[in-house]
Amino acid sequence: MIRGGKSFVSSPPSFSNDAKKLLVCTGNTVSIFSTDTGLQVTELEGHTALVTSIIVEPAPTPASTILCYCWTSSLDGTIKYWDFSVSELMKTINIQLPIYSMVVPSFLAHKSENSEKLSDIYAYISVEDTKNEQNKQRNELSGKILKCNLSKSHLVPGVILSESKKPEKITISSTGKYIGIHEKRKIRIWEVPTKDLKNISPRKLKLSHTKNLSCIAFHPTDRILVAGDVTGRILIWRGFGDKTFAGSNLENEKLLKDEDEKPGVRGNGDADSCTTWHWHSSEVKVLSFSSEGVYLYSGGKEGVLVLWQLDTGKKVFLPRIGTPLLNFMSSPDPSLASVSCADNRIHILKMPRMEILKSISGIKLPSPVPEMFRGSCKDFVFDHTAGLVAVRTENYCIQFYSLFDDREISEVQVCERNHQPSDDVTMILNLVALSFEGSVMCTVETRMAEEGIGGFVTLKFWERGSQNNDFSLSTVIYEPHRDAGVSAVAFHPTRGMALSASYGGDFKVWVSNHEIQQNDRLIQRTRWACHAVGSYRKKPMTAAAFSNDGSVLAIAAETVITLWDPEKNVLVAVIGSTREPIENLSFIGDSNFLVSTSQGSNSQLSVWSMAKLSVSWSYKLHTEAIACSEKDSHFAVLVVLPESSKADVATSHSGAILLFNAGDPVPVASWFVAKAKGGGIAFIQRNRSLDDDMDENEGQVLLAYVNGEHEYAVFNPHGVEMQERKVRHTDSVSVTGPEVTGQIGYASIYGKLPEFKLEAGAESATLSERPWETIFSGPSHSLPPLTKLCSDFLESLLKKRTGTLI
């Protein structure tokens, strides 16, 4: 099984001592990337839950920067020590409490006494006290900051720095002298002693603000603290801790300053002054000082990195990053830094020019969609031949992501629009469709009307280049179905033909025309034009699909399925009738079956026989997605489990994948999955370059599952690898199965039927006692009338008994 799609930005990354590697938290693992190429070098596997912190052990001398040791913490309650140059786990400390944040002050302190005996290494960790059931039930003070002796692998008994309602992120100064947390409108700061021993507790102070705080940062050399709030303001406290941390060395008049001599400081806050900067329009998420403390970096929802000059307040911008910023990390090399973005991307920056050198891109996260468009928007489609998934992103792009390599291949900007930090959505990228070989892409975008004016739909065709594999815009069609929205797009499997269906009650068939122009060089261009228009009783067209040979076009007209000849645009037949509008249609491989799904209060999965033009079998299921094999009669459905059935499966499993043979309503295999809502499945061709242990005798088709958060798993649906590997993986994209030895089909969904056992003395029926097997055999014109056969048939079904009735 191949897994991927993890978040790269769930926690801040960390640079190696030589700044040639970047360590990134990726789910249960730590992925190590090269800062030169942006490609993954290796991976650290060992944690069983989300990794929350990475701390690289600094090199004691400049000559020892090649040393590669780090500490990691995780929600599995462990702290691990690694040699990441060889991906070797060297030590594990079991805290038995989920760890949300960790800092090690001694790694940052300047060691002037190298000749002294090395003291123990202490870490401060932010944990969730899950053992205290009383606090857990009351939801009070479950977050704690504890002290851990890393050298001796145990918690320091009796040391609790802080308690809060939930675990908070710990921020540390670049010298390791101060640590702090922010909780709503308050900041707590501790001074770590120069010699941090187990029996010494840091001194602390508090600062307050009128708004909820979102992040804090310490100046590298002076007692200056900056904090960002949810309204976009940046607060700068200068001279904090003169009363608390300085001791008796200060004069009494300085200790007794009144509020008039502490401008901007609220309450009895221990600081000389507090000033405010305001440029950001919304919550500040990033604050970080430069190494010398002259500049301050800030960022937020606007997607702009702002460089402030601390003394003058002058600003320099890195604009058009295109997504909200989450973290900024400096490196041991002053010329490199990294910025983490909300679209699951990390940019490597060239400093001080703030130029983007490389980008490490994970799969893009789902983009928000207004309620009125949720039924007509699809987050992603699959390129079955190349093993890619095309993801609709928030900044109006289509990201092509390799399911085999777990990395971004390319990105297509569908419409040129700058990132908008406001919550007002003005444009929606509704649909994306790919041709069978992946050379043509079609997109549908809707511009929202502003005060009832200016809304329209645009249909675009894109062609993939033969050399660079990038898509270029071929044809733009404004309002292809007048004022109606586009409900579905389907491509012909063998020729340049596509179909668009609309909620307005019509569909259009588009064909491609190749043009060759001679302007100093030969240029071949493709243009798409309307070939035919059709409708059925003015009903909304909700889904469409071509047959595998392209000879039949199936279009769902709300609750019925219409079959068309795509070449002549002639209606051939009308079949079926469902209770709810049909949302998905697909022909099943080389079989004579068509599968449809509908959602609503009467959700239904139906398989239709094209030979009989009637339904073959159906289930009442809430089907999220369907996938049909190209070369056989197998198809798979992603089902969202009803609430009543979730009690019988693991709490993390919200859905199931059922694998069917088209002619049989009993599933061939089934798998329970997590986060099924908004997910998708597809059969994709095996990548022959993969060096994995998948059974080569089990065919070349794999099944890909992408969940609602764009985490994915690729596996062989006909092999045994699921049972071999499922024990190693317990993360949220878990695919448990196949359930071939347990309940399948009807029993897996509705429960087991009661068993009826024959009596001990009962004899099995012989051939002569089962006349119904031959009573209807023979040509129809030779059979007796049904009125004569009926009594004989019913009598043959009854069991004859001998005995006395009591």
Side-chain angles (χ1 to χ4, degrees), residues 12 100-101 103 124 126 140-141 143-145 161-174 177-191 202-220 222-246 257-289 293 295-302 304 306 308-311 313 315 324-328 421:
Y100 287 79
S101 181
V103 294
Y124 295 90
S126 176
E140 295 180 355
L141 302 181
K144 294 183 178 180
I145 296 181
L161 269 68
S162 173
E163 291 183 317
S164 55
K165 288 187 177 181
K166 63 183 182 67
E168 303 290 349
K169 177 187 175 183
I170 306 176
T171 303
I172 188 170
S173 64
S174 59
K177 189 175 182 180
Y178 303 104
I179 61 174
I181 63 171
H182 59 87
E183 183 183 10
K184 292 186 177 179
R185 301 180 179 183
K186 294 183 178 180
I187 300 174
R188 303 181 190 180
I189 304 172
W190 292 267
E191 183 185 37
R203 293 175 292 179
K204 67 177 181 180
L205 65 84
K206 292 183 180 180
L207 297 173
S208 61
H209 182 44
T210 58
K211 304 292 183 180
N212 287 342
L213 299 167
S214 55
C215 57
I216 61 175
F218 291 95
H219 192 276
D222 300 331
R223 283 186 184 165
I224 299 177
L225 174 73
V226 295
D229 68 11
V230 294
T231 65
R233 291 176 173 84
I234 298 176
L235 296 97
I236 306 172
W237 283 277
R238 300 177 186 269
F240 71 87
D242 285 345
K243 183 187 303 183
T244 306
F245 300 147
K257 282 185 178 181
D258 54 22
E259 292 186 3
D260 295 336
E261 296 177 350
K262 298 190 295 183
V265 180
R266 296 186 177 273
N268 57 352
D270 186 5
D272 291 343
S273 64
C274 180
T275 56
T276 302
W277 291 342
H278 195 180
W279 180 87
H280 298 278
S281 61
S282 57
E283 181 180 6
V284 179
K285 299 292 291 185
V286 174
L287 284 176
S288 180
F289 282 98
Y295 300 101
L296 174 68
Y297 299 95
S298 68
K301 196 173 181 180
E302 304 86 3
V304 177
V306 185
W308 303 80
Q309 191 174 23
L310 193 61
D311 292 338
K315 302 177 290 293
L325 308 184
L326 299 179
N327 290 296
F328 180 89

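Note: hydrogens, waters and symmetry copies are ignored here, and every other heavy atom, side chains too, is used.
Between atom CD of residue E302 and atom CG of residue L325 there is a gap of 8.5 Å, rounded to the nearest 0.5 Å. Atom OG of S126 is separated from atom CD1 of I170 by 5.0 Å, given to the nearest 0.5 angstrom. Note that OG1 of T210 and CZ of R233 are 7.5 Å apart. Values are rounded to the nearest 0.5 Å. Taking CD from E283 and CG from D229, the interatomic distance works out to 8.5 Å, rounded to the nearest 0.5 Å. Between atom CH2 of residue W237 and atom CD1 of residue I187 there is a gap of 4.0 Å, rounded to the nearest 0.5 Å. Atom-to-atom distance recorded for R185:CZ and L213:CG is 9.5 Å, nearest 0.5 angstrom.
Of the possible polar contacts, one joining the D270 side chain to the K243 backbone as a donor-acceptor pair under 3.5 Å is found. Panel note: side chain S273, backbone P263; no donor-acceptor pair is recorded below 3.5 Å.
The closest side-chain donor-acceptor pair between E168 and H182, if any, does not fall under 3.5 angstrom.
Nearest heavy-atom pair, K315 versus W279, reported as atom, atom and distance to 0.1 Å: CE-CD1, 3.8 Å. Considering all non-hydrogen atoms of both residues, G228 and V284 come closest at CA-CB, 4.0 Å. K165 and E183 make their closest contact through N-OE2, 3.7 Å (heavy atoms, listed as atom of the first residue, atom of the second, distance). The nearest pair of heavy atoms linking G293 to H219 is O-NE2, 3.0 Å. Of all the heavy atoms in K204 and L161, the pair that sits closest is NZ-O, 4.3 Å. A271 approaches V265 most closely through the heavy-atom pair O-CG2, 3.7 Å.
Classification of the W308-H280 ring pair by plane angle, with boundaries at 30° and 60°, yields tilted.
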Apply the test side chain to side chain contact (heavy atoms under 4.5 Å, CB included) to residues C215 and V286: give CA-CA distance (whole Å), side-chain angles for both, the deciding distance (0.1 Å), then the verdict.
-> CA-CA 7 Å; C215 57; V286 174; over 6 Å; no
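Between W277 and V226, every side-chain heavy-atom pair lies at or beyond the 4.5 Å cut-off.
When each of L207, T171, I179 is checked for a side chain to side chain contact (heavy atoms under 4.5 Å, CB included) with I189, only L207 meets the rule. Results of the side chain to side chain contact (heavy atoms under 4.5 Å, CB included) test with L205 over W190, Y178, F240 single out F240 as the only residue that passes.
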